[in-house]
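In what follows, a single structure is set out as structure tokens and then discussed.
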Amino acid sequence: MIDLKLVQKNPDVLAKALADRHSDIRVDDFLKLDGRRRELLAEVEAMKGRRNAASAKVAAMKRAGEDASDLLRELGDLSDRIKTLDAETDEAKAAVQEWLMRVPNIPDVSVPVGRDENDNPEVLRWGTPCDFDFEPREHGDIGQTLGGLDFERASRLSGSRFVVSFGWAARLDRALINFFLDQHTRNEGYIEVCPPYIVNRTTMTGTGQLPKFEDDLFRIRDAEQYLIPTAEVPLTNLHAGETLDEASLPLAYCAATPCFRSEAGAAGRDTRGIIRMHQFNKVEMVRFAHPDDSFNQLELMVSHARLLLEMLELPYRVITLCTGDMGFSSAKTYDVEVWLPAQKTYREISSCSNCTDFQARRAGIRFKPKGGKAAFVHTLNGSGLPTGRTIAALLENGQQKDGSVVLPKALAPYMDGVTVIEPRR
RNA sequence: GGAGAGGUAGCGAAGCGGCCGUAACGCGCUCGACUCGAAAUCGAGUUAUCGGUGAUGAGCCGGUACGUGGGUUCGAAUCCCACUCUCUCCGCCA
């Protein structure tokens with residue numbers, strides 16, 4: 001959530017941000033709603049002030065043994081009017097709140113203004129896409145041929161956009177999780193967490209999935225609980241409602257969890273392979289940072305995601321998302337895109353965002369500076385990394401003419417020394 | 001799932017219709033005194049949020065908040081109802 005005061009005092013700052021994002025939310029609507037709220041509030045508060053003063057008088061009279069029945073009759077009327085006006089004020093407040101909850105974060109000044117993914121500037125490239133002396137195959141095809149990925153059985157068990165992994169593929173998934181977690185916890189100072197995969201409405205609201213993106217979530221029937229679409233949700237909400245010790249910042253957590261996404265609106269997109277599944281495993285990084293330091297922390301987190309790809313010898317590039325392509329809660333996002341030779345394109349494998357105080361304000365995550373007033377922390381999140389898309393990249397980039405797949409050396413310790421996935425014979 | 005107990009400041013906890021919410025008392029924290037320094041001791045300070053007025057500051061005026069939401073009442077932390085979470089016991093269960 002953005003700062004109420006900011007919208008009140010600098011509506012044009014928000015108006016520009018919304019225009020840059022190509023949002024259809026209009027600040028004028030807010031000014032109307034908030035104006036009405038303030039009007040009602042001033043009126044009802046004045047009445048309550050009178051009531052409180054009179055009530056104190058009643059108490060004093062009763063103590064003195066005097067008759068207060070005239071005053072009481074008057075107060076009855078006043079109380080009735082307050083009750084009506086209170087209800088109206090509550091409605092006005094709720095309208096303002098609801099409007100605010102649907103407003104996206106304000107992009108940082110360093111974020112390029114643009115319409116959609118075509119306007120995302122490239123920051124850097126690493127590695128060289130491999131030159132194949134044969135036509136490279138798609139990862140889904142390779143995975144099925146090698147007996148590791150089974151889409152038919154998955155669709156029988158569950159439906160479309162699911163996969164069953166067997167043997168080397170299941171093992172590779174587990175190897176990647178361990179490899180990623182080890183790297184983050186041993187070398188980068190992240191605290192490993194095993195959070196719940198089901199969270200309540202408040203938690204989903206804290207990170208910005210709700211109320212706007214309910215359709216993207218799987219909901220538990222008859223309960224106000226949802227399957228997490230990313231570990232960002234439970235990890236960021238870990239400190240909801242807390243005031244953190246300033247000295248503890250930055251705080252860094254990582255977790256490997258399954259992620260559940262309904263992929264509403266993605267019909268027909270990425271239907272081949274394992275790029276877009278309803279369920280996938282991902283290691284997520286989350287950081288809580290001091291506001292003065294959060295953009296440094298973002299650079300640091302991107303470097304953590306990049307390092308994993310470099311250790312896996314996968315060519316990638318980094319782009320900055322432009323204003324029109326950024327997520328709801330983010331003030332600045334870098335996407336790391338891995339090279340997929342069959343599609344001959346870079347595809348998103350990690351998204352690292354600085355959400356500034358947007359989530360912290362929603363979830364109530366503060367810190368108290370020495371001698372100062374409590375302020376909101378900045379929250380950051382980044383994938384590091386999803387296993388499915390990583391497997392896709394490993395299969396496509398490591399494929400050989402004979403149908404086998406060569407794995408990067410870094411994974412050997414996690415794969416019982418296996419460095420080549422051989423075709424079944 | 002059943003029974004009971006409970007949810008009040010950073011923590012523990014008192015209050016159980018108006019004299020109690022910048023909320024007793026204890027701890028913690030901040031500042032000061034004492035000290036070469038520290039401990040101990042002594043003194044002072046320490047809720048958040050909204051509206052108005054100031055400069056988006058300080059201050060001042062007012063409102064709200066005792067798990068959440070309703071109700072009773074002129075007035076609710078206090079009485080009533082529903083929900084929720086925590087703890088204890090029982091049941092069920094990987």
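So that the names make sense, note that chain A is the first sequence line, chain B the second, and so on, each numbered from 1. Predicted, not measured: the structure shown is a model, and the values here were computed from it.
Applying the salt bridge (Lys or Arg N to Asp or Glu O under 4.0 Å) definition to pairs two or more places apart or across chains, those involving residues 191-208 of chain A are A:Arg201-A:Glu214, A:Arg201-A:Glu224.
Salt-bridge formation is detected for the pair A:Arg186/A:Asp182: a Lys NZ or Arg NE/NH1/NH2 atom is positioned less than 4.0 Å from an Asp or Glu carboxylate oxygen. Checked for salt-bridge contact, A:Glu263 and A:Arg276 meet the test: a charged N lies under 4.0 Å from a carboxylate O.
B:U86 and B:G26 are spaced 23 Å apart, taking the C1' atom of each and rounding to whole Å. B:C83 and B:A77 are spaced 23 Å apart, taking the P atom of each and rounding to whole Å.
Here the P atom of nucleotide B:G51 and the CG atom of A:Leu33 are 15 Å apart, to the nearest Å. Spacing between atom CD of A:Gln97 and atom P of B:C50 amounts to 11 Å, rounded to whole angstrom units. Distance A:Ile365 CD1 to B:G10 P: 17 Å, rounded to the nearest Å. In this structure, the CZ atom of A:Arg201 is 19 Å from the C1' atom of B:C85, given to the nearest Å. Rounded to whole angstrom, the span from the CG atom of A:Asp86 across to the P atom of B:G75 amounts to 12 Å. If you take CD of A:Glu246 and C1' of B:C29, they are 15 Å apart, rounded to a whole angstrom.
At least one side-chain heavy atom of A:Arg389 sits less than 4.5 Å from a side-chain heavy atom of A:Ile275.
Every side-chain contact (heavy atoms from CB on, under 4.5 Å) that A:Arg171 has, sequence neighbours left out, goes to A:Arg174, A:Met415, A:Asp416. Judged as a salt bridge (Lys or Arg N to Asp or Glu O under 4.0 Å), and not counting sequence neighbours, the contacts of A:Glu284 are A:Lys282.
Ring pair A:Phe328/A:Phe358: centre-to-centre distance below 6.0 Å.
Classified by its glycosidic torsion, B:G54 falls in the syn category, the angle being within 90° of 0.
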Which nucleotides of nucleotides 57-74 of chain B have their base under 4.0 Å from a protein heavy atom (B), which only their sugar-phosphate (S), and which neither (-), written as one string 5' to 3'?
-----BSS-------S-B

Starting at the 5' end of RNA chain B, write a dot or bracket for each base, bracketing those in Watson-Crick or G-U wobble pairs whose two distances are under 3.5 Å and using | for partners on another strand.
((((((((.[[[..)..(......]]]((((((.......))))))(((((((.....))))))).[[[[[..)....]]]]])))))))....

Could you list the donor-acceptor pairs under 3.5 angstrom formed between side-chain atoms of residues 81-88 of chain A and any protein atom two or more places apart in sequence or on another chain?
unit_1	atom_1	unit_2	atom_2	d
A:Thr84	OG1	A:Asp80	O	3.0
A:Asp86	OD1	A:Lys48	NZ	3.2
A:Asp86	OD2	A:Lys48	NZ	3.1
A:Glu88	OE1	A:Arg36	NH2	3.4

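An OP1 or OP2 oxygen of B:C50 is reached within less than 4.0 angstrom by no side-chain nitrogen or oxygen of A:Arg38.
Here the CG-CD distance, from A:Leu340 to A:Glu396, works out to 4.5 Å after rounding to the nearest 0.5 Å.
Mapping A:Ala56 and A:Asn10 onto RNA chain B via the closest heavy atom, the residue that lands nearer the 5' end is A:Ala56.
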